[in-house]
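Step one of this worksheet: look at the structure below.
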Number of protein chains: 2
Amino acid sequence: MDQVDIFKALSNKTRLQMLEWLKEPELNFPGQKEYGYAEGVCVGQIQAKANLTQSTVSEYLSILQRAGFIKATRKGQWTYYKRDEAAFERVSKLITSTL
Amino acid sequence: MDQVDIFKALSNKTRLQMLEWLKEPELNFPGQKEYGYAEGVCVGQIQAKANLTQSTVSEYLSILQRAGFIKATRKGQWTYYKRDEAAFERVSKLITSTL
DNA sequence: CAAATATATCGACTTTTCCCGATATATAGA
DNA sequence: TCTATATATCGGGAAAAGTCGATATATTTG
């Protein structure tokens with residue numbers, strides 16, 4: 001994943017929102033309470049908040065995943081996504097050091 | 001300038017290069033030695049390094065400027081561009097705090 | 001003021017991104 | 001195994017970005 005693709009992943013309002021929502025899953029996805037938040041939040045919950053179709057949300061999540069910002073865990077018929085905080089640290093440093 | 005536009009500005013290989021070149025103007029733009037580097041580097045010098053037309057380079061610089069990464073100074077018939085390091089710090093923090 | 005030079009803006013064309021509906025795949029349960 | 005549910009992938013039309021050549025604007029200089 002090169003630098004340009006990392007910034008492209010962040011170049012969309014909805015994708016930025018998704019990242020912010022995932023900072024506080026309990027707060028932003030109360031509908032998932034009964035299943036817990038250990039592995040993250042599932043696609044359906046995220047779609048319900050984003051005002052976009054299932055296919056678009058699925059694609060956006062995979063763009064964020066390829067850029068490294070989130071990690072996926074398949075569990076039964078659900079895919080859970082959660083943030084990878086280390087990626088944010090890396091990109092932050094990239095901006096002050098490399099760029 | 002909203003967050004999305006900041007990241008869009010960084011979503012292009014040539015624009016990223018321009019920012020890196022401007023970190024070391026003396027090294028990357030020796031052709032400008034006689035005019036000094038106080039105000040930055042002029043468009044012509046940057047165009048000579050980027051392999052793009054004058055119009056494209058001019059537009060790219062203005063995209064970077066609108067995003068806050070560089071500042072322009074007009075001096076005679078030349079426009080000099082230089083980095084605004086504070087902007088990089090801001091975006092770096094944005095990534096670790098807001099995002 | 002006319003010519004030369006540096007930069008900015010405009011119009012057009014191509015490529016990429018956005019976002020959708022339809023379809024495919026995976027898993028769970030009856 | 002059949003059906004229901006969750007997610008992923010595919011194909012496409014609309015919008016945005018990339019990039020160019022031509023032209024406009026500003027400034028310097030003869």
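Each chain gets a letter, A, B and so on, in the order the sequences are listed, and its residues count up from 1. In what follows, every heavy atom counts, from backbone to side chain, and hydrogens, waters and symmetry copies are set aside.
Between B:Phe29 and B:Trp21, the ring-plane angle classifies as perpendicular under the 30° and 60° cut-offs.
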Inset, instruction - Any chance you could lay out the side-chain contact (heavy atoms from CB on, under 4.5 Å) test for A:Met18 and A:Leu64, step after step, and finish with the verdict? - result: CA-CA 9 Å; A:Met18 288 173 169; A:Leu64 290 171; 4.2 Å; yes
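Remark: P of C:dC19 and CD of A:Gln17 are 11 Å apart, rounded to the nearest angstrom. The interatomic distance linking B:Tyr35 (OH) with C:dA6 (C1') rounds to 12 Å, in whole Å. Atom CD of B:Gln32 is separated from atom P of C:dA6 by 12 Å (rounded to the nearest Å). Protein atom CD1 of B:Ile63 is 15 Å distant from nucleotide atom P of D:dA16, rounded to whole Å. A:Leu10 has its CG atom 15 Å from the C1' atom of C:dT17, to the nearest Å. Here C:dG21 presents its P atom at 11 Å from CG of A:Leu52, a figure rounded to the nearest Å. The separation between B:Leu16 atom CG and D:dG18 atom P is 11 Å, rounded to whole Å.
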Write down the protein N/O and nucleotide N/O pairs, taken from nucleotides 7-9 of chain C, whose separation is under 3.5 Å; answer none if there are no such pairs.
| from | atom 1 | to | atom 2 | distance (Å) |
| --- | --- | --- | --- | --- |
| C:dT7 | OP1 | B:Val43 | N | 3.2 |
| C:dT7 | OP1 | B:Thr79 | N | 3.4 |
| C:dT7 | OP2 | B:Gly44 | N | 2.8 |
| C:dT7 | O3' | B:Thr79 | OG1 | 3.1 |
| C:dA8 | OP1 | B:Tyr81 | OH | 3.2 |
| C:dA8 | OP2 | B:Ser58 | OG | 2.9 |
| C:dA8 | N7 | B:Gln54 | OE1 | 3.3 |
| C:dA8 | N7 | B:Gln54 | NE2 | 2.9 |
| C:dA8 | N6 | B:Gln54 | OE1 | 2.9 |

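Using a cut-off of 4.0 Å between Lys/Arg side-chain N and Asp/Glu carboxylate O, A:Glu39 and A:Lys75 are scored as salt-bridged.
Residue A:Asn12 places no side-chain N or O under 4.0 Å from the OP1 or OP2 atom of C:dT17. A:Asn51 has no side-chain polar atom (N or O) that falls below the 4.0 Å cut-off from OP1 or OP2 of C:dC19.
Where B:Lys8 and A:Lys75 meet DNA chain C, the nucleotide closest to each residue was compared, and B:Lys8 sits on the side nearer the 5' end.
At a cut-off of 3.5 Å, with distance as the only test, no side-chain donor of A:Ser58 or A:Ser55 sits close to an acceptor on the other residue.
A cation-pi contact, defined as under 6.0 Å to the ring centre and within 45° of the axis, is absent between B:Arg83 and B:Phe69.
The CG atom of A:Leu94 sits 4.5 Å away from the CD atom of A:Gln3 when rounded to the nearest 0.5 Å.
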